[in-house]
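The structure under discussion appears below in the form of structure tokens.
Just so you know, ligand 1 is whichever comes first in the structure, and atom 1 is the first atom listed for that ligand.
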Amino acid sequence: MPEELDFEHWSKKAAEWGVAYRTSLRERPVRAQTAPGEIAAQLPAAPPEEGEAMEAIFADFENIMLPGMTHWQHPRFFAYFPANAAPVSVVAEYLVTAMAAQCMLWQTSPAATELETRVLDWLRQAIGLPEGFAGVIQDSASSATLAAVLVMRERALGWNGNKAGLAANPRLRIYASEEVHTSIDRAIWVSGIGEENLVRIPTTGRHRGMDATALADAIARDKEAGHVPAGIIACTGGTNVGACDDIAAVVRVAHEHGLYVHVDAAWAGSAMICEEFRHLWAGVEGADSVVFNPHKWLGAQFDCSAHFIRNPDDLVRTLAIHPEFLKTRGHDGLINYSEWSVPLGRRFRALKLWFLLRFHGLEGLRAMIRNHVAWSEKLAGRLEAEPDFEIVTEPVLSLFSFRHMGEGRHTGAGDPDARNLDLVRRINDDGRIYLTQSRVDGKVMIRFQAGQFEMIEADADTAFDVITELARKAA
Ligand SMILES: *Cc1c(COP(=O)(O)O)cnc(C)c1O
């Protein structure tokens, strides 16, 4: 039997450490300030033969690991999208970790299944999806999208694709805009449909949504060519600049051709708890499948992706397998959520949602999201008013992008791409805030999103100060 751990002591120590960590975040640089290989160089090449003292292990965690961490719960994390872990969801995760149950079938933890059904229905109501959508927690939006693409494949192949494979079948075609997340590409690869059969529809308008006429034309052309259109993946709040498809228009085209529609709202879906933002996905009630990540903006610690399906029978028909040892005889009619997702094993993910929704209430979470949107709009306005900055994409919810043009805003002089790559590097080396760069229409821009759970308005003001100070230092 292995050495016995003083579990009580170390559990308390870990919890105390977590509290001290969270309260000290503002004093830490947001992005890790280490060079590649610096952490690895401090780790022995061979595994330990003899057990070591916990004191030594814990000290190495603090001395070696901590400096190599980027602090995603830092209130001035403005990069990518947030991965919020509200303190109350961290507490729930302690409990989940302690119980460490595998919640793949109803009988392997009835509470996990029944709570998941209930809190997902709470979330369905919270974001304004109509009754009839059933929810399941997937480990990621990538997995939800993969599951949706597999359903598209099976439907289009008369429920024979899993069995016969794709070889003998005509080409399946899936449609999406140029703005969708790379998880869509990977779902198309993994499903065997193939990247050449992901048809990219050009975007149009301020929201950079799919051109519905181009979509209808592409479907018609494919049918003429003997291909089999299988489904459409629409997005609400694309990763780069927050692109939003006109879901109502996409659904209209889909219904004309009997196509399955999946909506990826991984980031923006959390904002739909506020009624005033739902115009961004108007028509969503006509979709077949919708995913959003409470583990992004809402505050449920990763991993927690909410996947809503209009007809879960299609999903179960696609993904359920029934080996003898998983059969739960006598419990017909019960939900086994492992039949709703690609992985078999599943953690008790519903508990943190239950804690989060009960402790903060929808009103508390709405106030947070409304603040983030307002502070982001205010920052965009302040930067716009500066003579040497330009806004590249206007705020969509709490996401916008900008560039520092220096004198170039008026004269067109200089190389703005190089200038902004250099600026974002210096901002992240400085450490007070964290931003990421991207490109839009070929131009380098800097993305800003407000979304961290404990952010306050002064953090947006700090962002303004740091951005303008460092931009002008170079000039
Ligand atoms: C973050 C994101 C994803 C991927 O989410 P995971 O849960 O990490 O798989 C997909 N789509 C969009 C629009 C995203 O912002």
Side-chain angles (χ1 to χ4, degrees), residues 70 72 77-85 89 120 123 127 135-150 174 176-191 198 200-201 203 207-210 231-245 247 250 261-272 277 280-281 284 287 289-308 340-343 346-347 349 352-353 369 372-373 376 393 395-401 436 438 440 447-452:
T70 292
W72 283 73
F77 183 102
F78 304 124
Y80 306 99
F81 280 137
N84 283 333
S89 84
L120 268 278
L123 273 187
I127 61 173
V136 56
I137 304 180
Q138 307 277 9
D139 56 10
S140 61
S142 304
S143 287
T145 296
L146 175 60
V149 168
L150 294 173
I174 307 270
S177 89
E178 293 150 345
E179 293 285 337
V180 293
H181 188 264
T182 49
S183 57
I184 279 77
D185 301 63
R186 293 207 278 182
I188 301 298
W189 302 345
V190 174
S191 65
L198 175 58
R200 299 284 185 175
I201 307 298
T203 60
H207 281 299
R208 294 171 186 260
M210 250 189 272
I232 305 170
I233 299 171
C235 81
T236 300
T239 313
N240 206 31
V241 296
C244 292
D245 288 318
I247 306 291
V250 168
V261 178
H262 172 66
V263 177
D264 176 8
W267 162 66
S270 292
M272 301 310 167
F277 300 133
L280 289 174
W281 73 359
V284 70
S289 164
V290 179
V291 66
F292 92 94
N293 283 348
H295 69 229
K296 273 189 171 148
W297 203 351
L298 208 61
Q301 163 144 5
F302 188 84
D303 48 349
C304 187
S305 191
H307 185 193
F308 296 96
W340 297 44
S341 49
V342 176
R346 42 194 355 262
R347 304 181 332 102
R349 300 194 194 94
K352 60 197 167 197
L353 264 177
I369 282 171
H372 291 157
V373 172
S376 180
T393 56
V396 174
L397 300 169
S398 64
L399 169 69
F400 70 92
S401 63
T436 34
S438 186
V440 66
R447 276 171 93 262
F448 176 93
Q449 65 76 26
Q452 208 283 323

For residues Q449 and S376, determine if any side-chain heavy atom of one lies less than 4.5 Å from a side-chain heavy atom of the other.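 The answer is no; the side chains never approach within 4.5 Å.
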
In Å, rounded to the nearest 0.5 Å, how long is the span from [atom1] of [X] to [atom2] of [Y]?
X: D264; Y: T236; atom1: CG; atom2: OG1; value: 8.0 Å
X: S183; Y: I188; atom1: OG; atom2: CD1; value: 10.0 Å
X: S191; Y: I174; atom1: OG; atom2: CD1; value: 6.5 Å
X: H307; Y: F292; atom1: NE2; atom2: CZ; value: 12.5 Å

Out of H181, R186, H295, whose heavy atom is nearest to atom 10 (C) of ligand 1? H181

Atom indices of ligand 1, in the order listed, that fall short of 4.0 Å to a heavy atom of [X]:
X: T239; answer: 12 (C), 13 (C), 14 (C), 15 (O)
X: F81; answer: 15 (O)
X: G237; answer: 13 (C)

With a 4.0 Å cut-off on heavy atoms, is S305 touching ligand 1? no

Compute the minimum heavy-atom distance from A265 to ligand 1 and say whether it is under 4.0 Å. no

Under 3.5 Å: donor-acceptor pair, side chain of N84, backbone of W297: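 It does hold such a pair.
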
Counting both backbone and side chain atoms, is some N or O of [X] under 3.5 Å from an N or O of ligand 1?
X: D264; value: yes
X: A141; value: yes
X: N293; value: yes

Quick one: does ligand 1 sit under 4.0 Å from the side chain of S183, the backbone, both or neither, non-hydrogen atoms only?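 Contact part for S183 vs ligand 1: side chain (C-beta onward).
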
So which heavy atom in the protein is nearest atom 14 (C) of ligand 1, and how far is it from that ligand atom?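 Answer, as residue, atom name and distance: K296 NZ, 2.8 Å.
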
Name the closest protein heavy atom to atom 9 (O) of ligand 1, giving the residue it belongs to and the distance to 0.1 Å. S142 OG, 2.5 Å

All heavy atoms of A287 vs all of V263, minimum pair found to be CB-CG2, 3.8 Å

Flag the pair D303 and R346 as a salt bridge only when some basic side-chain nitrogen lies within less than 4.0 angstrom of an acidic carboxylate oxygen. no

